[in-house]
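Data first, discussion second: the structure below is written as structure tokens.
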Amino acid sequence: MQFEKKSIWQQIDKETNEKIYEYSENYKNFLDSAKTEREATNYIISAAKDRGFISLEEALKGKIKSGDRIYLNNKNKSVVLFIMGEEPLEEGLNIVGSHIDSPRLDLKGNPLYQDSSLALLKTHYYGGIKKYQWPTIALSLHGYFRDVNGIDHNICIGEDDTDPIFYINDLLPHLSKTQNSKNLKEAIEGEQLNIVVGHSTYGIEGEENPIKRNILSILKEKYNLDEEDFAFAEFEAVPAQKARDVGFDRAMIASHGHDDRVCSYANLKAALEVENPKKTAVALFVDKEEIGSVGNTAMTSMFFENALAEIINNMGEYSDLKVRRTLANSSVLSADVSAALDPSFKDVSDEKNEAQVGYGIAMAKYTGSGGKGGSNDANAEYICKIRDLFRDENVIWQISGFGKVDQGGGGTIAYILAKYGAEVVDMGTAMLSMHAPVELVSKADAYMTYRAYKAFMDKFE
Ligand code: MN
Ligand code: MN
């Protein structure tokens with residue numbers, strides 16, 4: 001029988017169409033409220049608490065049992081949600097693994113300086129960005145620091161319509177003869193991604209760096225921030241733009257950070273709705289995926305394994321073997337975005353094997369680059385079972401190829417969870433303009449991603 005691809009929009013009824021748009025309103029709210037990993041952690045934990053989740057510390061004081069809902073806050077930058085199932089843990093978990101960090105610009109430790117008639121902030125970009133895309137767009141600053149009195153400050157400037165925004169300059173075309181002859185990768189250099197934060201010297205006395213000193217006095221007055229505090233802070237610049245509907249039909253969403261908030265939000269919504277699953281369901285929201293999943297808030301850290309060991313220890317006699325069995329018997333959806341076919345850049349894709357926006361949750365059996373290098377190549381036996389589930393639950397899916405052979409490639413957290421012996425497959429939303437300041441996804445795909453994760457947590461065996 002011929003394998004036919006059909007768009008979600010051609011297969012749904014009126015009710016589902018309405019659900020897609022309703023889901024998207026809530027997703028946009030998440031995008032606007034959770035632009036950094038810290039804000040996402042906050043949002044996820046507060047939503048989880050409203051739904052009856054208790055912290056792991058709290059849960060460990062009593063006896064954990066099936067039906068319990070538990071969250072782990074890992075250093076305010078990553079979260080795990082557990083929905084305890086009926087079966088013993090050693091039968092394995094159903095895990096959906098997403099990440100909550102996105103490409104952006106981080107401030108350096110000594111960022112503020114004055115040059116010519118401007119005050120600027122030095123940045124170091126985070127993740128795989130195309131540097132030329134970041135000048136001349138509205139930026140906001142999000143961050144955390146502790147002041148001299150030991151008080152914690154979470155700062156967000158540029159998101160409210162009455163806030164100022166921040167800005168990176170680019171060269172005018174009139175003087176771009178040299179820049180125009182450079183390749184895209186070098187036309188804007190990392191050290192040119194300097195953020196304009198001030199200009200006035202009104203009322204400031206003295207000759208030395210009056211603009212910078214003016215900015216410092218504003219920072220002191222408003223946030224009790226001293227210049228030294230930057231060195232101990234975490235500040236991120238992201239696009240100030242809110243998530244917006246795209247197109248006459250409003251069927252897509254443009255926003256910063258769809259990678260990987262489109263999967264994270266679907267993961268969260270599924271986890272909040274799952275009730276008394278047979279197998280324990282786990283929703284992972286990890287940090288630092290965009291820079292290689294390293295560090296103690298990332299997937300290569302032991303925090304998830306440690307949390308699981310605590311739970312196993314709480315529920316009965318502890319053994320290392322029980323932890324290993326639990327992980328090895330687990331099933332994982334690596335919930336990350338993949339590349340969709342772009343009609344303006346078709347030459348990088350094998351159309352027959354590429355995902356398309358609006359055609360359902362995208363399964364990448366393997367990712368990697370140059371001969372599947374670095375990829376988790378999912379086992380056929382495992383993904384056949386996923387296909388059966390999707391068929392039973394009317395989840396619309398498609399395959400994703402991530403570009404032509406030898407054109408490039410990508411990776412996710414899939415291989416890290418596979419290390420335990422768990423079955424893992426990449427299953428996420430196909431999108432356009434990945435890692436651009438503002439990215440594009442289909443509302444139908446976003447909704448179908450949630451439906452897939454929900455079915456997996458509820459029913460996969
Ligand atoms: Mn991603
Ligand atoms: Mn990414």
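One is the number of the first residue; the rest follow in order along the sequence. Both counts, for ligands and for their atoms, begin at 1 and track the order of listing.
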Original post:
Picking from Phe30, Tyr27, Tyr265, what satisfies ring pair (Phe, Tyr, Trp, His ring centres under 6.0 Å) with His258?
Top reply: Tyr27

**OP:** Can you list, by chain and residue number, the protein N, O or S atoms under 2.8 Å from the Mn ion (ligand 2)?
**Re:** Asp259 OD2, Glu290 OE1, Glu290 OE2, His435 NE2

**OP:** Output, in order, the C-alpha distance, side-chain angles, deciding distance and verdict of salt bridge (Lys or Arg N to Asp or Glu O under 4.0 Å) for Arg146 and Asp229.
**Re:** CA-CA 7 Å; Arg146 183 168 295 176; Asp229 293 330; over 6 Å; no

Subject >> Identified side-chain contact (heavy atoms from CB on, under 4.5 Å) partner of Tyr447 from the options Ile20, Ile12, Ile8 >> reply: Ile20

Subject >> CG-NE2 distance between Leu284 and His99, expressed to the nearest 0.5 angstrom >> reply: 12.5 Å

Original post:
So Trp134 and His256, would you call those rings parallel, tilted or perpendicular, with 30° and 60° as cut-offs?
Top reply: perpendicular

**OP:** Answer with yes or no after comparing the ring centroid distance for Tyr23 and Tyr450 against a 6.0 Å cut-off, counting only values under it.
**Re:** yes

